[in-house]
Amino acid sequence: MADIALRFHKDPLVLSAPIDELLARQGVDVAQEREFLDLIEPETVFEAQRLDHMMGAQCLVTNTYDITRARLAHKRFQEQSAEIARASVDILRDLQPQHIIASIGPTRLPIDPESRVSLKQNRDQYARAAQDFGDGIDAILLDGMVSLADLKCALAGVKKSSDLPVFASVNLDAAGTMEGRATTWAEALAVMADFQADVAGFC
């Protein structure tokens, strides 16, 4: 696969959409089973991802939103994090997309911005998740970060363990602030710039 960074500022790149809705229509309990499907029903994930590939998405995003060990622990899958991450990449590799992007969602751990221990624990969650994907991906998408402290930890952790391009995205409400917080898009964008995100985005 070509270096995705060579396409920045030149080509529009279309990313595949989350497959949660398609899975839910098939009776999947997305909140509990999303990532585990990469292991036990890869053909289901393959078919869902194939639709976006057929529609022309150049970048297929892994089905791994809750891949951090903190999130997988809620489903008792934390010891299978690397296995799940690599299975998700293998599913997309079979579709032969132009680029594969690894999705990492927020840990949702409580973070004390004044505590080095708290910040390190959260940062290490993201670093480990990035490592779990191994080879075969072109970039990492930090998707839906929930606070500035979380965004900083995520970017620092991924940058610590990987030299791949990093996409960072936050969810905004109608007022242009991060959901449930007074943090503005401008503040989030400044953090993305300070921590050298290669692509900045919002939903």
* Structure fact -> Closest non-hydrogen contact found for R69 with Q125 is N-OE1, 3.3 Å
* Using a distance-only test with no angle check, is there a side-chain donor-acceptor pair under 3.5 angstrom linking R7 and Q98? -> yes
* Given the rule that I, L, V, M, F, W and Y join up when any side-chain heavy atoms are under 4.5 Å apart, are L22 and L92 in one cluster? -> no
* Structure fact -> Looking only at heavy atoms, the pair that brings A188 and M178 closest together is CB-SD, 4.2 Å
Can you give each donor-acceptor pair under 3.5 Å made by side-chain atoms of residues 149-159, sequence neighbours left out, with the distance rounded to 0.1 Å?
unit_1 : atom_1 : unit_2 : atom_2 : d
D150   : OD1    : N122   : ND2    : 3.1
D150   : OD1    : Y126   : OH     : 2.6
D150   : OD2    : Y126   : OH     : 3.2
D150   : OD2    : V146   : N      : 3.4
K159   : NZ     : Q196   : O      : 2.8
K159   : NZ     : D198   : OD2    : 3.3

* Considering all heavy atoms, the nearest A200-M192 contact -> CB-SD, 3.4 Å
* How close do I140 and S162 get, heavy atom to heavy atom, and via which atoms? -> CD1-OG, 3.9 Å
Could you list the donor-acceptor pairs under 3.5 angstrom formed by side chains in residues 49-58, with sequence neighbours left out?
unit_1 : atom_1 : unit_2 : atom_2 : d
Q49    : NE2    : V61    : O      : 3.2
R50    : NE     : E47    : OE1    : 3.0
R50    : NH2    : E47    : OE1    : 2.7
D52    : OD2    : A17    : N      : 2.7
H53    : NE2    : L95    : O      : 2.9
Q58    : OE1    : V14    : N      : 2.7
Q58    : NE2    : P12    : O      : 3.3

* Can you find a heavy atom in the side chain of I101 that is under 4.5 Å from one in the side chain of T62? -> no
* Using a 4.5 Å cut-off on heavy atoms from C-beta on, say whether the side chain of I4 contacts that of C59. => yes
* Please report the closest heavy-atom contact between T64 and A85, naming both atoms and the distance. => CG2-CA, 4.3 Å
* Asked: Residues in side chain to side chain donor-acceptor pair (under 3.5 Å) with D38, at least two apart?
  -> N63
* For R128, which residues count as a salt bridge (charged side-chain N to carboxylate O under 4.0 Å, His left out) partner, sequence neighbours excluded? -> D132
* Transitive ILVMFWY side-chain link L119 to L142, under 4.5 Å -> no
* Do the non-hydrogen side-chain atoms of L39 and E83 ever get within less than 4.5 Å of each other? -> yes
* To do: Would you please name every residue forming a side chain to side chain donor-acceptor pair (under 3.5 Å) with T44, sequence neighbours left out?
  => E41
* For K75, salt bridge (charged side-chain N to carboxylate O under 4.0 Å, His left out) partners two or more places apart -> E35, D66
* Structure fact -> D90 meets the side chain to side chain donor-acceptor pair (under 3.5 Å) criterion, sequence neighbours left out, with R93
* Asked: Do the side chains of V28 and L37 get nearer than 4.5 Å, heavy atoms only?
  -> yes
* Structure fact -> Contacts of Y65 meeting ring-ring contact (aromatic ring centres under 6.0 Å, His included) (sequence neighbours excluded), chain-then-number -> none
* Asked: If Ile, Leu, Val, Met, Phe, Trp and Tyr residues are connected whenever their side-chain heavy atoms lie under 4.5 Å apart, and connections chain through other members, are I84 and I40 in the same group?
  -> yes
* **Exercise: identify the closest heavy-atom pair between S161 and A127** => OG-O, 3.1 Å
* Asked: Is there a donor-acceptor pair closer than 3.5 Å between any side-chain N or O of E187 and the backbone N or O of T184?
  -> yes
* To do: Could you name each residue pair satisfying ring pair (Phe, Tyr, Trp, His ring centres under 6.0 Å) that touches residues 169-203, not counting sequence neighbours?
  => W185-F202
* Asked: Excluding sequence neighbours, so at least two apart, what forms ring-ring contact (aromatic ring centres under 6.0 Å, His included) with F36?
  -> F77
* **Pairs where residues 15-25 contributes a residue and the test side chain to side chain donor-acceptor pair (under 3.5 Å) is met, not counting sequence neighbours** => D20-R34, E21-R25
* In terms of hydrophobic clusters joined by side-chain contacts under 4.5 Å, are L72 and M145 together? -> yes
* Main-chain N/O of I100 paired with D138 side-chain donor or acceptor, under 3.5 Å -> yes
* To do: Consider only side-chain heavy atoms of I, L, V, M, F, W and Y, link residues closer than 4.5 Å, and tell whether I104 and I111 are in one cluster.
  => no
Could you tabulate the donor-acceptor pairs under 3.5 Å formed by side-chain atoms of residues 167-174, not counting sequence neighbours?
unit_1 : atom_1 : unit_2 : atom_2 : d
D173   : OD1    : A175   : N      : 3.0
D173   : OD1    : G176   : N      : 3.2
D173   : OD1    : T177   : N      : 3.0
D173   : OD1    : T177   : OG1    : 2.9
D173   : OD2    : T177   : OG1    : 2.8

* **Heavy-atom neighbours of Q96 CD exceed 12 at 6.0 Å** => no
